[in-house]
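The chains referred to below are lettered A, B, ... by the order of the sequence lines, with proteins before strands, and numbering in each begins at 1.
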2 protein chains.
Amino acid sequence: MAKAERIRIYDVARVAGVSVATASKALNDTGRMTDATRQRVKQTAAALGFRPNAMARALTQQRSFTIGLLTNDTYGRFTLPVMAGINEALVDHGVSVFLCGIEDDAALAALHVDAMLDKQVDGIIATGKRIDRRLPVDLSGLQVPVVYAFTEGPDDAVTLVSDDEQGARQATEWLLGRGRRRLAHVTGPQSFASVTARARAFSAVAGADAAIVYGPWSEAWGHEAVAQFWSSDATRPDAIFCGNDQIARGVVDALRERGVAVPEDVSVVGFDNWEIVAAATRPPLTTVDMNLKELGREAGRLILELAEGKPVEPGVRKLPCKLVVRQSCGGDALAPRNKGEALQEV
Amino acid sequence: MAKAERIRIYDVARVAGVSVATASKALNDTGRMTDATRQRVKQTAAALGFRPNAMARALTQQRSFTIGLLTNDTYGRFTLPVMAGINEALVDHGVSVFLCGIEDDAALAALHVDAMLDKQVDGIIATGKRIDRRLPVDLSGLQVPVVYAFTEGPDDAVTLVSDDEQGARQATEWLLGRGRRRLAHVTGPQSFASVTARARAFSAVAGADAAIVYGPWSEAWGHEAVAQFWSSDATRPDAIFCGNDQIARGVVDALRERGVAVPEDVSVVGFDNWEIVAAATRPPLTTVDMNLKELGREAGRLILELAEGKPVEPGVRKLPCKLVVRQSCGGDALAPRNKGEALQEV
DNA sequence: GAGTCGTGAGAAACCGTTTTATCAAGCGTG
DNA sequence: CACGCTTGATAAAACGGTTTCTCACGACTC
């Protein structure tokens, strides 16, 4: 099969019996001409299967319909849904995404950014695996707009993060709503901004005397925390809100091994809604979903507006989390309003 | 800070006191000129911070230094390492990657492919979550080269897959090498080509009478399989080779709950080396790594050669797996030669 | 019937680079 | 000293579109 020569606007013009200029204007719905002419050109183009060369187009217009996505999460559970959301928001506008994984390597990052700039991207979205860390590259002062999603940016930048406090509040209120009264919070290292934000919200709702313990983001830490709590009758909670799903899984496993029934004796809530962990836990975890895909969609929308020159208010935008109810807290009679939707997404 | 105008080759030429043509040739090490002139132009370009406009360049040359990556794995554990490998192979050549997630949606796929073609990609790499399924889009007869990685392509295509049989053989031999004699294989649905390939290799090494049971790819199935085996004294194996790490984790958990010691009483091997599962299992899993990153690197190298017009032999290339030794089989006195390297990558 | 105006369409310039064709100068040669 | 050859450098033509500017023509006005 011979490689079909790609047909150019020149061909369309010739076949339709008009000039190249007229053809261009007809196809872009610009300029003035008879409606008949416009239709004729369009039909000819369709018949010939004409597709404009995006390179040539980008050269004259100031848009390449291309954006760059920079991440240092190669490419873990946080970046993945964010990417999916970005793509979803942009595909309808004919915008393609350059994916660049930079492994906390400043030189590699600079290399990728230069390559993007050379390729005339209309904007750059920076994303990472941690909300309170910056990528190892300076994106300020670039000639293209930048949006930061799930990673820290300069103060005057457009930044999107999930609302950790709101998510933690919702989880805690849910536990209280199920009649639990002795709440505990088992979470990650205090050096994470997310950890302190969630802990703050937990304290505000559960009361200042509710226990909070910090440790690594691992299943093993979940086991250890349970061991600590159950070492004395006085410290045993009837509900445990965990900083992520891995810790929650460790907690649930440890409780089962001790003969403590989940959710009958103790309710457990996780954080992240990491399907593979949350759904495999026995019983499956009720957990907080950070809505990362929606965060990605929003990032896509914003970078698009910026690329089109529309003004976007700089600052940090917090997007709400939602609780996904499974079985680790018991029946769902008191499920929050968004429950149905949440389960659907699972 | 005023947006600095991007400087063009025209500026370089003017400052260096040469024509645009000379400047172009100087910078690309083509054409003929005094070495002094060439150096002067290069220094001027460097001093001015000149970066060529990739769009303009792509218009004249026949290369855009851009490739498209199509995946229906949005974007799970298989595509991720493959992508990382591809990027790694291409970044040094100044090639950027368009990432397109198509959710088994033929219309979306066609949309993305058209967008890629419009953007003059130099090639397309198709990848997926399953080695024996095709993407819902026909990539044959395109005017750009295509490489299939971890997904099925046409017979006359360039295809890269991991060597399931070799991986399974290595795992099985490893169990025999540790003195185990009653081997069993707990794996996924028989409808997967990977499953039958691994089972075939397992049988060949462990003997035709070694048990093989098929089920879903889940932890729960691991539990259930153990229950079946332990229902009778006659059927209890002393080593279990699992079809993936999730099943293996279910098996290990089930054994522990029954008071069967791993690895003392029973050795367990997984498949996939999915860090998050393999490392969190107690004890951590010895498992087969499909070397997906290397597979991605190879895909990158191949698409590059094809884009440069070099001939590449079509057909299926199988890349070897390697065993990653952790603790679920006991000490590592008999570790295979690649053990050191394997552990390093963990 | 001459002047004005709105309208449809095309010629040409342009985007930023590469590449081809051309050309002037220098240099040895017969 | 005229001739051909090599060499360094440039002008100009691509590449495939968009956009600005110009123009011819018919209708309308007075």
Side-chain angles (χ1 to χ4, degrees), chain A residues 4-42 44-45 48-66 94 114-115 117-122 143, chain B residues 4-42 44-45 48-66 94 114-115 117-122 143:
Chain A
E5 283 296 316
R6 218 182 150 92
I7 68 148
R8 301 149 301 165
I9 197 172
Y10 170 85
D11 303 313
V12 176
R14 186 169 38 77
V15 173
V18 296
S19 72
V20 178
T22 304
S24 172
K25 285 183 285 198
L27 295 172
N28 291 301
D29 282 324
T30 60
R32 281 180 322 208
M33 71 193 63
T34 319
D35 201 53
T37 307
R38 199 182 290 281
Q39 289 311 319
R40 180 160 40 92
V41 173
K42 283 188 174 180
T44 314
L48 264 48
F50 167 70
R51 306 228 36 153
N53 180 323
M55 300 277 144
R57 196 171 222 175
L59 206 50
T60 53
Q61 309 185 151
Q62 218 45 302
R63 305 266 320 261
S64 67
F65 288 90
T66 281
D114 281 347
L117 261 23
D118 290 351
K119 282 169 182 144
Q120 311 292 114
V121 292
D122 297 335
Q143 59 266 56
Chain B
E5 284 295 317
R6 219 182 149 93
I7 68 151
R8 300 149 302 167
I9 198 172
Y10 169 84
D11 303 312
V12 175
R14 187 169 37 77
V15 173
V18 297
S19 72
V20 178
T22 305
S24 173
K25 284 185 287 201
L27 295 173
N28 291 302
D29 282 323
T30 59
R32 280 181 322 208
M33 71 192 63
T34 318
D35 201 52
T37 307
R38 201 182 288 279
Q39 289 311 319
R40 180 158 42 92
V41 173
K42 284 188 174 179
T44 315
L48 263 46
F50 167 71
R51 307 227 37 152
N53 181 323
M55 299 278 144
R57 194 172 225 175
L59 206 51
T60 53
Q61 310 186 151
Q62 216 47 303
R63 304 265 321 260
S64 66
F65 288 91
T66 281
D114 280 347
L117 260 24
D118 291 350
K119 284 172 180 142
Q120 312 291 114
V121 293
D122 297 334
Q143 59 267 59

Expressed as a whole number of angstroms, how long is the span from [X]:[atom1] to [N]:[atom2]?
{"X": "Ile9(A)", "N": "dA11(C)", "atom1": "CD1", "atom2": "P", "value": "14 Å"}
{"X": "Met33(B)", "N": "dT19(C)", "atom1": "CE", "atom2": "P", "value": "13 Å"}
{"X": "Arg51(B)", "N": "dG16(C)", "atom1": "CZ", "atom2": "P", "value": "17 Å"}
{"X": "Asp11(B)", "N": "dT17(C)", "atom1": "CG", "atom2": "P", "value": "9 Å"}
{"X": "Asp29(A)", "N": "dT18(D)", "atom1": "CG", "atom2": "P", "value": "12 Å"}
{"X": "Leu27(B)", "N": "dT17(C)", "atom1": "CG", "atom2": "C1'", "value": "11 Å"}
{"X": "Ile7(B)", "N": "dG16(C)", "atom1": "CD1", "atom2": "P", "value": "12 Å"}
{"X": "Arg32(B)", "N": "dT20(C)", "atom1": "CZ", "atom2": "P", "value": "13 Å"}

Any side-chain N or O of [X] below 4.0 angstrom from OP1/OP2 of [N]?
{"X": "Thr37(B)", "N": "dA9(D)", "result": "yes"}
{"X": "Asn28(B)", "N": "dT18(C)", "result": "yes"}
{"X": "Thr22(A)", "N": "dA9(C)", "result": "no"}
{"X": "Thr60(A)", "N": "dT18(D)", "result": "no"}
{"X": "Thr34(B)", "N": "dT7(D)", "result": "no"}

Discussion item. So if I take every side-chain heavy atom of Asn53(A) and compare against dC15(C), dG17(D), dT18(C), which nucleotide ends up nearest?
Written reply: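 Nearest nucleotide to the side chain: dG17(D).
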Worksheet item: Which of these nucleotides, dT18(C), dG16(D), dT19(D), is closest to any side-chain atom of Ser24(B)?
Response: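 Looking only at side-chain atoms, Ser24(B) lies closest to dT18(C).
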Fill in: 5' precedence on DNA chain C between Ala56(B) and Ala21(B) (nearest-nucleotide basis)
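The answer here is Ala56(B).
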Fill in: Any N/O donor-acceptor pair, Lys25(A) side-chain to dG10(C) base, under 3.5 Å
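Yes, the side chain and the base share a sub-3.5 Å donor-acceptor pair.
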Item to complete: Indicate, with a heavy-atom threshold strictly under 4.0 Å, whether Val18(B) touches base, sugar-phosphate, or nothing.
Response: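 Sugar-phosphate, backbone atoms only, no base.
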Worksheet item: How would you label the contact of Arg57(B) with the nucleic acid (heavy atoms, under 4.0 Å): base, sugar-phosphate, or nothing?
Response: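 Counting heavy atoms under 4.0 Å across all strands, the contact made by Arg57(B) is with sugar-phosphate only.
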Worksheet item: Between Arg63(A) (side chain) and Asp122(A) (backbone), is there a donor-acceptor pair under 3.5 Å?
Response: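 Not at all, since once roles are kept as given, no pair shorter than 3.5 Å links the two residues.
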Discussion item. As an exercise, state the distance from CG of Asp35(A) to NZ of Lys42(A), rounded to the nearest 0.5 Å.
Written reply: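 NZ of Lys42(A) is found 8.5 Å from CG of Asp35(A).
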Worksheet item: Atom NZ of Lys119(B) and atom CZ of Arg51(A): how far apart are they, to the nearest 0.5 Å?
Response: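 Answer rounded to 0.5 Å: 10.0 Å.
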Worksheet item: More than 12 non-hydrogen atoms from neighbouring residues, nucleotides or ligands closer than 6.0 Å to CD on Gln62(A), yes or no?
Response: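 Counting other residues, nucleotides and ligands, CD of Gln62(A) stays at 12 neighbours or fewer.
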Discussion item. Go nucleotide by nucleotide along DNA chain D from the 5' end; which of Arg8(A) and Arg38(B) gets its closest nucleotide reached first?
Written reply: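 Nearer the 5' end of the strand: Arg38(B).
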Worksheet item: Only one of Val15(B), Leu27(B), Asp11(B) clears side-chain contact (heavy atoms from CB on, under 4.5 Å) with Phe50(B); which?
Response: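 Between Phe50(B) and the candidates, side-chain contact (heavy atoms from CB on, under 4.5 Å) is satisfied uniquely by Leu27(B).
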